[in-house]
Trainee: 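Following this message is one structure expressed as structure tokens.
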Amino acid sequence: MANKDVTDPARMEKIVSLCKRRGFIFQAGEIYGGLNGCWDYGPLGTELKRNLKDYWWRKTVQERDDVLGMDGAILTMEQVLIASGHAGGFADPMCDCLLTNSRLRADQIPEQDGTAIWFSGAVVKNGTAIKREFAVLVKDSSEKSRRKANDSAIEFYKKGLSESDREIVSDLRKQGINAITLTESKMEELCGTTRFNPDNGSLLTEPRDFNLMLQTNFGATGEQIAYLRPETAQSIFCQYKNVLDSNRVKLPFGIAQMGKSFRNEINPRNYIFRSREFEQMEIEYFCHPDDGLRLTDEWLEERLKFYGEIGIPREKLHILDIPDGERAFYSKKTYDIEYEFPFGIQELEGVAYRTDYDLGVHEKGAGKSLVYFDEETKEKFLPHVVEPSAGCDRTVLALLCEAFDEETLTDEKGKEDIRTVLRFVPRMAPVKVGIFPLLKKNEEQVRICRDIQRTLQPWMNVFYDDGGALGRRYRRQDEIGTPFCVTVDFETLGEQGDELKNTVTIRHRDSMEQERLPISDLLAWLLERVR
RNA sequence: GCGGGCGUAGCUCAGUGGUAGAGCGCCACCUUGCCAAGGUGGAUGUCGUGAGUUCGAAUCUCAUCGCCCGCUCCA
């Protein structure tokens, strides 16, 4: 498995470049320098994403009778997120080590006893003075400990020097001269302190809050706060009872939602994979406590099937059965579905059995009963939840990565040529059909093309093109993943006899092969292949 | 957030203090009877942004934004 986790940055760069060149994805605010972690979808990217979302919705909601859809507000009450644990748990206070700059979670620093040696500053031989407070925690006040503290402090003050000063210090050091004079201010016996790095004794910065949710203000003077939801799930849990009461459904049943969520990611990375604003496709499937584990496995299979249907092969997916201790505390079972991206194996979706944790916290938080009454068994209980939660944007990225291919073609003269093709399954392709007249100057061919375009347009996204040579037009469509191209030629006009009259060439993207079809059969032929 | 690298045309990149460049792509016209043919002409740059040094900055300095790699983080 480990040998499969190889990265291919060159491939990734080609994909990013193609996405920009052909209008799939742009950086948000690019003309102003760009906004970190935010992306805009261009015309083709929007079609691709829409195809993914439409298919997910169709398969998850419309073609099932046990899942209902909803579309919740993005702005979320603070109380909801306090109950869910996001308002607390999303803001871990962090400390930085002043010496190594490593970051530690404040609540995970062990309590230590020892002697803190404080320094108030330092002076370099050439007269440069630095005023900054620093301290090192040592076990005792022995000579050895104090020397250790001194070394750390010199290292700390050296970090704050200019390049030229640092050179002076190094030069003097080589001659065996200590170039920095420290100002020791005090020594302090401490018990149970958490202000020092357990690894090196260095003083840490004050704990700082890292708010992982995005907040906004409203009301006349902006005095009210709300959060941009960090996941779509919470509005489902909050409305679970309303959906239940208004739709005559019985357990087990699910509520599905697609939409934007927001997280103040410390470090957005890997193109659209981790961004601050992203779209989720989530299902909360409510069930009897006895069925939770079984349904988790069933949903995993269901979701794997889905990925196959959108063109992500099973062998590129990895299922991680998150072991005890690594799962969220409330989860009894969690599977991560991962995909082999060019930048490594990364998560696409999590299928988590969340027990009755979510309904439990909201029942408590809101003070309203969310208990379900089973008419048949006369049983009352809080439903358990299985949550398949997929990242929409990262699935779009997976579709792009999976589709991207460079094929080397050799013509009759032995000349090599690289064909760039996005091999989307037709149902995901942004454009389903390219429609071309063989010669753009032939008015009859153009007229027939426009007729075909009008016939197909209500059913699928098509693209008419008469620019440049026909071969070039084919290649342009290859690059954006159009599975079929229709060409109207002289045979269509009946120049080769009545048999071929009103037929067109259909060219296949993947094989580059062609076949002929009557215009009247075109719509049915295509619909069968692009749905 | 830290460390390192980078930022010049739509894309890939050249350009070490003195007039802003190439290839590909794009647009127009000509040519063209099925896989990026050819010809002619054309457009495109706040040299990421802002300040500084200089007679003069894409080039040197500082700051800032963004991208990539490695840490860190990811309920």
Side-chain angles (χ1 to χ4, degrees), chain A residues 7 9-10 12-14 16-23 26-38 81 84-92 94-105 159 162-163 205 208 210 212-213 230-231 233-234 263-271 273-274 276 327-331 334 343 346-347 350 352 354 357 389 407 409 411-413 415 417-421 436-442 445 467-479 485-491 493 495-496 504-509 511-514 516:
Chain A
T7 60
M12 196 57 211
E13 273 171 39
K14 284 180 190 169
V16 171
S17 168
L18 173 68
C19 283
K20 178 170 186 193
R21 195 171 67 241
R22 304 314 301 255
F26 310 117
Q27 188 176 23
E30 193 194 85
I31 61 169
Y32 288 100
L35 180 60
N36 188 250
C38 297
L81 296 163
S84 69
H86 290 93
F90 258 47
D92 296 327
M94 307 287 275
C95 298
D96 292 337
C97 171
L98 286 169
L99 196 58
T100 60
N101 292 321
S102 57
R103 172 157 295 164
L104 297 99
R105 266 177 64 172
K159 281 203 322 180
S162 69
E163 190 113 349
T205 57
R208 286 191 294 163
F210 279 74
L212 301 176
M213 285 197 297
E231 59 179 23
Q234 295 309 320
R263 292 179 196 180
N264 184 23
E265 294 289 353
I266 308 296
N267 195 355
R269 277 285 163 95
N270 290 325
Y271 201 32
F273 182 81
R274 176 176 296 134
R276 295 208 163 103
R327 266 172 282 147
F329 66 90
Y330 47 77
S331 177
T334 301
F343 46 82
Q346 297 279 347
E347 183 186 348
R354 302 174 62 102
Y357 172 76
S389 169
E407 186 182 51
L409 301 174
D411 66 12
E412 316 84 60
K413 293 167 196 150
K415 207 175 135 195
D417 173 32
I418 291 172
R419 184 172 80 116
T420 303
V421 200
F436 315 138
L438 183 57
L439 285 184
K440 77 167 164 186
K441 285 212 163 152
N442 186 300
Q445 287 177 4
L470 187 63
R472 176 184 292 264
R473 290 180 237 158
Y474 284 147
R475 297 297 182 89
R476 268 201 284 252
Q477 293 307 307
D478 288 342
E479 222 180 30
C485 291
V486 165
T487 300
V488 171
D489 53 22
F490 290 95
E491 283 89 331
L493 306 181
E495 290 193 5
Q496 300 297 316
V504 288
T505 305
I506 292 205
R507 181 262 193 185
H508 294 255
R509 174 196 67 200
S511 61
M512 295 170 72
E513 278 166 10
Q514 302 186 358
R516 274 203 98 77

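What you are looking at is a predicted structure, and each value in this text was computed from that prediction instead of being measured. Per chain, numbering begins at 1; letters A, B, ... match sequence-line order.
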Trainee: Salt bridge between R509(A) and E479(A), side-chain N to carboxylate O under 4.0 Å?
Mentor: no
Trainee: Contact class for R274(A) vs. all strands (heavy atom < 4.0 Å): base, sugar-phosphate, or nothing?
Mentor: base
Trainee: Tell me: CZ of F273(A) to P of rC73(B), nearest whole Å?
Mentor: 17 Å
Trainee: Would you say a side-chain N or O of N36(A) is under 4.0 Å from OP1 or OP2 of rC65(B)?
Mentor: no
Trainee: What's the shortest heavy-atom distance between L438(A) and Q445(A), and which atoms?
Mentor: N-OE1, 3.2 Å
Trainee: What is the separation between atom CD on Q477(A) and atom P on rA36(B), rounded to the nearest whole Å?
Mentor: 15 Å
Trainee: For rU32(B), give its Watson-Crick or G-U wobble partner with both distances under 3.5 Å, or none.
Mentor: none
Trainee: Just how far, in rounded Å, is P of rG10(B) from NZ of K20(A)?
Mentor: 7 Å
Trainee: Find the distance Q27(A):CD to rC11(B):C1' and express it as a whole number of Å.
Mentor: 16 Å
Trainee: For the residue pair S331(A) / Y357(A), report whether a side-chain donor-acceptor contact shorter than 3.5 Å exists.
Mentor: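 Not at all, the side chains of Y357(A) and S331(A) share no donor-acceptor pair under 3.5 Å.
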Trainee: Donor-acceptor pair, distance only, cut-off 3.5 Å: does the side chain of E407(A) make one with the backbone of R419(A)?
Mentor: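 Checked: no pair found.
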Trainee: Just verifying a value: how many Å separate S389(A) OG and E347(A) CD, rounded to the nearest 0.5 Å?
Mentor: 8.0 Å
Trainee: Classify L18(A) by what it touches in the nucleic acid, base, sugar-phosphate, or nothing, heavy-atom distance under 4.0 Å.
Mentor: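 Nothing, no heavy atom under 4.0 Å.
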Trainee: Enter the distance from K14(A):NZ to T420(A):OG1 here, rounded to the nearest 0.5 Å.
Mentor: 8.0 Å
Trainee: Watson-Crick or G-U wobble partner for rG21(B), using a 3.5 Å limit on both distances?
Mentor: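 Pair assignment: rG21(B) / rC13(B).
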Trainee: What N/O pairs connect the protein and nucleotides 25-34 of chain B at under 3.5 Å? Give each pair on its own line.
Mentor:
residue : atom : partner : partner atom : Å
rC26(B) : OP1  : R476(A) : NH1          : 2.8
rC26(B) : OP2  : R472(A) : NH1          : 3.0
rC30(B) : OP1  : K441(A) : NZ           : 3.4
rC34(B) : O2   : Y474(A) : OH           : 3.3
rC34(B) : O2   : Q514(A) : OE1          : 3.0
rC34(B) : O2   : Q514(A) : NE2          : 2.3
rC34(B) : N4   : D489(A) : OD2          : 2.3
rC34(B) : N4   : T505(A) : OG1          : 3.1

Trainee: Quote, to the nearest angstrom, the P distance that separates rC68(B) from rA58(B).
Mentor: 27 Å
Trainee: Could you give the CZ-to-C1' distance, from F343(A) to rC74(B), as a whole number of Å?
Mentor: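 Distance, rounded to whole Å: 14 Å.
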Trainee: Work out how far the P atom of rG1(B) is from that of rA63(B), and round it to whole angstrom.
Mentor: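 Those two atoms are separated by 15 Å.
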Trainee: Determine the Euclidean distance between corresponding P atoms of rA57(B) and rA51(B); express it in Å to zero decimal places.
Mentor: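 One P to the other, the span is 13 Å.
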Trainee: Please state how far atom CZ in F436(A) lies from atom C1' in rC35(B), giving the value in whole angstrom units.
Mentor: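 In whole Å, rC35(B) C1' lies 11 Å from F436(A) CZ.
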Trainee: With both distances under 3.5 Å as the test, what is the Watson-Crick or G-U wobble partner of rA63(B)?
Mentor: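 rA63(B) is paired with rU49(B).
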Trainee: Does any nucleotide pair with rG70(B) by Watson-Crick or G-U wobble geometry, both distances under 3.5 Å, and what is it?
Mentor: rC2(B)
Trainee: Please determine, by modelled atom types, if T505(A) and R516(A) share a side-chain donor-acceptor pair under 3.5 angstrom.
Mentor: yes
Trainee: For rC26(B), which nucleotide is its Watson-Crick or G-U wobble mate, given both distances must be under 3.5 Å?
Mentor: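 Per the H-bond distance test, rG42(B).
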Trainee: From rC69(B), rC35(B), rC74(B), pick the nucleotide closest to the side chain of N270(A)?
Mentor: rC69(B)
Trainee: Can you check the distance between rU59(B) and rU8(B), where both ends of the measurement are the C1' atom (answer in whole Å)?
Mentor: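 Approximately 11 Å lies between the C1' atom of rU59(B) and that of rU8(B).
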Trainee: When all nucleic acid strands are considered with a 4.0 Å heavy-atom cut-off, which category describes Y271(A): base, sugar-phosphate, or nothing?
Mentor: sugar-phosphate
Trainee: Please give, in whole Å, the distance from rC24(B) C1' to R419(A) CZ?
Mentor: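 After rounding, the gap between these two atoms is 19 Å.
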Trainee: Roughly how far apart, to the nearest Å, are rG21(B) and rU44(B) at atom P?
Mentor: 13 Å
Trainee: Which sits closer to the 5' end of RNA chain B, R475(A) or I31(A), going by the nucleotide each is nearest to?
Mentor: R475(A)
Trainee: Could you tell me how far apart E30(A) (CD) and rG66(B) (P) are, to the nearest whole angstrom?
Mentor: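 That distance rounds to 13 Å.
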Trainee: Can a donor-acceptor pair be found, under 3.5 Å and without considering hydrogens, that links the side chain of R473(A) to the backbone of G468(A)?
Mentor: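 Side chain of R473(A) to backbone of G468(A), a donor-acceptor pair under 3.5 Å: yes, one is there.
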Trainee: Searching all strands shown, indicate the nucleotide that pairs with rU54(B) (Watson-Crick or G-U wobble; both distances under 3.5 Å).
Mentor: none
